[in-house]
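Some notes on the structure that comes next.
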Amino acid sequence: MRYGSMDHDYTGRKIKRRKPKGEVYKKYTPKPSASNVVTPNFRRDAEVHYASVEMGSPTVCAAPEKKEYTGTLVKGIATMHKSNAVPVINQEQATDIANMRRG
C-alpha cells in the first residue's frame with residue numbers, strides 16, 4: 001500500500017522498483033508519412049495587400065474623441081457607503097446622502 005508518496009512507504013523507507021515481467025514495449029514513434037512531414041518553407045513569399053491596413057485610412061486606429069463633462073448638472077460627488085462614489089445633482093440629494101450615512 002502506498003501512503004502519500006510513490007517512492008517511499010509510510011515508515012519513510014524507499015520503495016524498491018520491481019522490473020516488469022513479460023514482454024516490454026518500447027515507446028511508440030509514428031513513421032513519417034506525407035501528412036505529418038513538416039515543410040521547411042511555411043511562410044508565404046508573396047506579400048498580401050490589405051486595404052484596411054493602410055495608414056491613410058480614416059477608420060483604422062483612429063483615436064476616439066476625448067470625453068469631457070462640460071455641463072453644470074452635477075454639483076459634486078458624495079460617498080454613500082465605503083468607496084461608493086455617487087454624483088450629487090442638487091442640495092436635496094446631498095442632504096439625503098448625508099442623512100443615510102449618519103443613520
Discussion item. Is the shortest side-chain heavy-atom distance between M100 and M80 below 4.5 Å?
Written reply: yes
Response to the item:
Between the CG atom in N84 and the OG1 atom in T79, the distance rounded to the nearest 0.5 Å is 8.0 Å
Worksheet item: Hey, which of K14, K16, R17 is the one that makes salt bridge (charged side-chain N to carboxylate O under 4.0 Å, His left out) with D7?
Response: R17
Practice prompt. With sequence neighbours excluded, tell me which residues meet side-chain contact (heavy atoms from CB on, under 4.5 Å) with V88.
Written response: A78, Q93, A94, I97
Worksheet item: Residues in side chain to side chain donor-acceptor pair (under 3.5 Å) with T11, at least two apart?
Response: D9
Response to the item:
Closest non-hydrogen atoms of I15 and M6, given as atom of the first, atom of the second and distance, are CD1-O, 4.0 Å
